[in-house]
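I have placed the structure first, in the form of structure tokens, so that the comments after it can refer back to it.
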Amino acid sequence: MSYFETANIKLEKLRSKEDLIVLAIESSCDETACAIMRGEELLSNVIASQIEIHRRFGGVVPEIASRNHTMAIENVVSQSLADAGMTMDEIDVIGVTYGAGLLGALLIGVSFAKSLAYATGKPLIAVNHIKGHIAANYIACPTLTPPYLCLIASGGHTAIAKVNDFDSVEIIGTSVDDACGEAFDKVARSLGLPYPGGVEVERLALEGEPSVYMPTPFKSEKHYNFSYSGIKTAVINYIHNHEQKGEEYSRADVACSFQARAIGMMVDNTMRAAKEHNIKTIVIAGGVGSNKLLRQSMSDKCGACGINIIYPPLILCTDNAGMIASEARILVRNGGLCSDIDLDASASVKITD
Ligand code: KG4
Ligand code: ZN
């Protein structure tokens with residue numbers, strides 16, 4: 001029998017196993033990560049970050065990211081097994097991010113996971129990175145069940161998803177241009193802040209006031225879409241104008257004003273969507289989800305109108321493999337398919353795929 005046939009037979013037997021053991025690998029950008037879950041419990045979550053390597057270039061250099069994944073991945077997987085106190089024999093299924101992300105970076109994780117799956121005969125589960133971000137919330141709150149609304153705010157995506165069921169995600173609002181995280185990173189660069197920019201803008205904003213004018217996209221329009229290029233351009237123009245005229249300005253006020261509008265837009269749209277769809281639980285997913293203003297504003301607004309708010313701990317907001325293990329577990333338990341050994345990586349994957 002082929003790998004695919006034997007792995008599928010194993011997978012069918014594992015679907016109802018309560019304490020399913022998942023090993024998952026993530027390499028979509030500049031974190032090489034491996035995590036192990038047993039049932040709902042995250043046993044290990046190893047992340048080898050390349051931030052220091054890419055900082056001097058002001059952003060991720062794809063080729064350098066791929067090379068560093070190649071060098072790190074074996075150690076990261078071994079460390080994850082050691083932290084969980086497990087051997088490969090005890091693992092039931094192998095999950096891996098197949099997209100979206102940097103193609104060369106994804107291929108390292110996918111190839112490593114395929115080799116492991118083929119050598120051990122264990123089922124290989126391909127995971128959509130953005131669905132992984134959403135699934136981080138099942139680790140934070142194991143009792144979370146659809147339906148709920150998810151605000152997805154990462155470096156590549158900003159969207160509001162209506163999660164109708166474990167295998168049914170509907171996008172009801174999305175950015176029509178830049179993703180929120182991307183805008184944070186570009187604003188950080190314009191302010192001369194180091195990579196990664198989002199957390200640096202947040203830090204600087206604490207020292208400022210929201211006194212710089214920021215446009216309000218889609219004022220009084222009825223949809224739930226976002227636009228970030230207008231406020232990003234407003235920041236760039238403000239800085240250029242002041243520098244050309246040799247006028248002093250407060251970088252902290254710029255950071256604070258940008259952050260207030262960027263986060264306010266997400267909070268307003270998500271709250272309006274929850275009310276209009278009569279949804280009582282909101283969850284937050286993605287790297288921008290670690291922003292304290294976003295977490296606090298959402299909590300305050302939800303608290304005031306009886307909506308549950310759930311967000312993952314900081315370590316599960318930015319890229320990690322715990323969230324990939326969580327989504328792989330959800331897929332196995334809800335009839336998701338085993339991948340064959342010709343699984344390919346994909347740079348762009350829709351949230352609903
Ligand atoms: O989800 P993520 O780790 O990677 C992607 O899948 O894209 O998100 C990374 C993005 C970056 O744009 C980063 O600047 C942003 O999340 N980010 C933040 C914060 N921490 C990370 N943005 C605003 N405030 C933060 N505290
Ligand atoms: Zn991510």
Side-chain angles (χ1 to χ4, degrees), residues 24-33 35 45 47-51 54-55 58-60 62 65 96-102 105-106 109 127-137 150-159 161 175 178-191 193-206 226 228 231-232 235 255-256 258-267 283-298 311-324 326-327 346-351:
I25 292 172
E26 152 69 35
S27 69
S28 65
C29 191
D30 59 345
E31 268 95 21
T32 321
N45 191 26
I47 304 169
S49 171
Q50 302 176 18
I51 283 177
H54 297 282
R55 182 166 282 147
V60 180
V96 66
T97 306
Y98 74 96
L102 302 170
L106 287 162
V127 175
N128 175 331
H129 180 83
I130 294 297
K131 285 196 176 156
H133 274 300
I134 301 175
N137 286 285
C150 179
L151 169 65
I152 300 163
S154 72
H157 293 86
T158 307
S175 176
D178 293 358
C180 183
E182 189 183 351
F184 262 95
D185 293 337
K186 286 182 183 155
V187 164
R189 208 187 255 241
S190 308
L191 289 169
L193 296 168
Y195 166 84
V199 69
E200 298 290 340
V201 171
E202 176 177 22
R203 205 170 289 148
L204 185 60
L206 288 175
F226 307 91
Y228 283 98
I231 55 173
K232 175 196 73 184
V235 167
C256 184
F258 166 79
Q259 178 178 251
R261 176 66 84 248
I263 300 295
M265 210 190 311
M266 286 194 280
V267 174
V283 315
I284 302 177
V288 186
S290 54
N291 183 283
K292 290 183 196 65
L293 180 67
L294 174 61
R295 293 158 91 97
Q296 194 57 55
S297 310
M298 280 292 227
Y311 41 75
L314 295 187
I315 193 71
L316 295 176
C317 278
T318 42
D319 289 348
N320 66 89
M323 67 187 203
I324 305 302
S326 178
E327 175 62 8
S346 182
S348 61
V349 171
K350 285 196 190 133
I351 300 171

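For ligands, and for the atoms within them, numbers begin at 1 and follow the listed sequence.
- Among all non-hydrogen protein atoms, the one lying nearest atom 26 (N) of ligand 1 is Glu202 OE1, 2.7 Å.
- Residue Gly198 places at least one N or O, backbone or side chain, under 3.5 Å from an N or O of ligand 1.
- At a heavy-atom cutoff of 4.0 Å, ligand 1 is contacted by the side chain of His129 but not by its backbone.
- Counting atoms of ligand 1 from 1 in the listed order, those under 4.0 Å from a heavy atom of Gly287 are 1 (O), 2 (P), 3 (O), 8 (O), 16 (O), 17 (N), 18 (C), 19 (C), 20 (N), 21 (C).
- Of the polar atoms of Pro196, none of the N or O atoms is found under 3.5 Å from an N or O of ligand 1, judged by distance alone.
- Each of the following atoms of ligand 1 lies closer than 4.0 Å to a heavy atom of Thr318: 3 (O).
- Counting heavy atoms closer than 4.0 Å to ligand 1, residue His133 contributes side-chain atoms (C-beta onward) but none from N, CA, C or O.
- Of all the heavy atoms of Asp185, the ones lying under 4.0 Å from any atom of ligand 1 belong exclusively to the side chain.
- For atom 24 (N) of ligand 1, the closest heavy atom belonging to the protein is Asn291 ND2, 3.1 Å.
- Atoms of ligand 1 lying under 4.0 Å from any heavy atom of Gly156, numbered from 1 in the order shown and given with element: 7 (O).
- Scanning all protein heavy atoms for the shortest distance to atom 15 (C) of ligand 1 gives Val288 CG2, 3.9 Å.
- Using the six-membered ring where Trp is involved, Phe226 and Tyr228 have ring planes that are parallel, under 30° apart on the 30 and 60° scheme.
- The shortest contact between atom 2 (P) of ligand 1 and any protein heavy atom is with Asp319 OD1, 3.5 Å.
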task = Mind running side-chain contact (heavy atoms from CB on, under 4.5 Å) on Ile25 and Ile324 for me, showing each step along the way?
result = CA-CA 7 Å; Ile25 292 172; Ile324 305 302; over 6 Å; no
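- Looking at ligand 1, you'll find an N or O of Gly181 within less than 3.5 Å of one of its N or O atoms.
- Among all heavy-atom pairs drawn from Pro312 and Ile284, the shortest one is CD-O, 3.2 Å.
- Across Ala179, Gly155, Ser290, heavy-atom proximity to atom 10 (C) of ligand 1 is greatest for Gly155.
- The angle Asp319:OD1 - the Zn ion (ligand 2) - His129:NE2 amounts to 100°, with values rounded to 10 degrees.
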